[in-house]
Amino acid sequence: MIDLDALAALRAVAAEGSVVAAARATGFTPSAVSQQVKRLERQTGVPLLERVGRGVMLTSHGQHLVDAGARLLADLEEVEAGLQRRTGAVAGRFRLAAFSTAIRGLVAPVVRDLAAAYPDLELVLDEREPWDTVDLVAAGQAELGIVHRWGGVPLAVPEHLVSTPVARDVADLIVHREHPLARAGTVTPHDLVDVPWIATPEGTICRQWLHRMYDGTGRPPRVAHVSGEFESHLALAAAGLGVALVPRLGRAPLGPDLVAVEVRDPVPTRLVDALHRRTMGDSPAVAAVLGAFAALDRP
């Protein structure tokens, strides 16, 4: 008989790419994850993992087992969620993945309130980029994920995930108080054609939006500095090294050297959604966490 806990451990290794990362995602030690996989190898009689450099990858047998066992694990999760709904228990270990500004602006107050309301619910937070969060929730490595979408920039979400709107966030142009645009009431991309930008790295959702914002200007944004953290964007703008497009959600106080200017045509808007697996639809814990987000006083 295949051990379902061991199968879940193998799925975690497949999703995370290493035993250590799988242990971090599941809350077990690396030794425990390794033992679970070895037990599964004894039960099936075939090798499931092979070493590649310092990491591991699934053998063809291992990949087949993960793929074939996905429906089994999903059915079991659905049964467990149904039982929890019958008892109404909001308890157990609940993994929540979210992007950095959501951790600061949304998740922190929610976790505080949930801890007070449900002392038997253990919330484990994992700060991830939206596409990583989608993968974690889809693979069963997180119960809930908070992601964002900028305007028309798509974020692929598998069909077995449910998306619930959580917030609507707007970004402002952040400039040094002595910058000529600091006195403007609003600006459009046509006003920003020649400004030096402080931007997130290529390939990020925010960078994609910055490029799309320039559609119709005939020129791409002039990126002078690159940083993955909005707090660094504020520091660089305060030093007069460029302008930045920084969301309001989770934004630190600007201080005396920075000014926020509204952007129009288009308004830089991102939609924040919560993702969970359809099999968790009956889970009281999922309902409680979604309810806590809905209760937040957000614009």
Side-chain angles (χ1 to χ4, degrees), residues 25 27 77-78 80-138 140-151 153 155 157-158 160-172 205-206 230-231 246-254 260 262 267-299:
E77 184 174 72
E78 193 168 10
E80 290 176 339
L83 286 173
Q84 291 167 356
R85 180 181 59 81
R86 291 172 65 91
T87 63
V90 180
R93 191 169 186 266
F94 192 98
R95 298 160 297 183
L96 195 160
F99 55 96
S100 59
T101 52
I103 289 282
R104 295 194 293 270
L106 289 175
V107 175
V110 160
V111 171
R112 175 197 61 208
D113 294 343
L114 287 170
Y118 306 104
D120 293 328
L121 183 66
E122 179 193 359
L123 278 154
V124 179
L125 306 182
D126 192 352
E127 185 176 303
R128 298 288 188 115
E129 292 293 336
W131 47 84
D132 294 328
T133 292
V134 171
D135 291 342
L136 286 175
V137 177
Q141 303 308 307
E143 279 62 61
L144 196 78
I146 305 298
V147 299
H148 66 77
R149 295 177 287 115
W150 281 98
V153 178
L155 179 67
V157 176
H160 70 287
L161 301 188
V162 177
S163 179
T164 303
V166 169
R168 178 180 175 274
D169 189 23
V170 173
D172 297 309
I205 296 174
C206 300
F230 287 123
E231 289 185 351
V246 181
R248 297 172 186 174
L249 178 64
R251 189 167 73 197
L254 297 183
E262 292 187 10
V267 177
T269 304
R270 62 178 180 175
L271 305 178
V272 182
D273 298 326
L275 304 177
H276 70 273
R277 292 179 296 285
R278 294 187 187 279
T279 51
M280 297 288 288
D282 284 338
S283 166
V286 168
V289 175
L290 289 177
F293 280 118
L296 287 176
D297 184 17
R298 299 297 308 171

Any salt bridge linking Asp172 with Arg248? Criterion: basic side-chain nitrogen under 4.0 Å from a carboxylate oxygen.
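Here Asp172 pairs with Arg248 in a salt bridge, since their nearest N and O are under 4.0 Å apart.
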Does any non-hydrogen side-chain atom of [Y] lie less than 4.5 Å from one of [X]?
X      : Y      : value
Val147 : Val134 : yes
Phe94  : Val289 : yes
Val90  : Asp120 : no
Leu290 : Leu144 : yes
Leu136 : Arg128 : yes
Ile146 : Phe293 : yes

Once rounded to the nearest 0.5 Å, what's the spacing between atom [atom1] of [X] and atom [atom2] of [Y]?
X      : Y      : atom1 : atom2 : value
His276 : Glu143 : NE2   : CD    : 11.5 Å
Leu96  : Leu125 : CG    : CG    : 6.0 Å
Arg270 : Leu249 : CZ    : CG    : 5.5 Å
Leu271 : Arg149 : CG    : CZ    : 5.0 Å
His160 : Arg278 : NE2   : CZ    : 9.5 Å
Thr269 : Arg168 : OG1   : CZ    : 4.5 Å

Partner residues of Arg104 under the side-chain contact (heavy atoms from CB on, under 4.5 Å) criterion, sequence neighbours left out
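Listed in chain order: Ser100, Thr101, Glu231.
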Check whether Arg95 reaches the backbone of Leu123 with its side chain - one donor and one acceptor, N or O, closer than 3.5 Å.
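No, Arg95 side chain to Leu123 backbone: no donor-acceptor pair under 3.5 Å.
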Treating Arg277 as the side-chain partner and Val162 as the backbone partner, does any N or O pair qualify as donor plus acceptor under 3.5 Å?
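Judged by distance alone, no pair lies under 3.5 Å.
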Can you run down the ring pair (Phe, Tyr, Trp, His ring centres under 6.0 Å) pairs that involve residues 97-117, sequence neighbours left out, and say none if there aren't any?
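Only Phe99-His148 qualify under ring pair (Phe, Tyr, Trp, His ring centres under 6.0 Å).
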Which atoms form the tightest heavy-atom contact between [X] and [Y], and what is the distance?
X      : Y      : result
Leu114 : Ala288 : CD2-O, 3.8 Å
Thr133 : Ala98  : OG1-N, 4.1 Å
Pro165 : Asp273 : CA-OD1, 3.4 Å

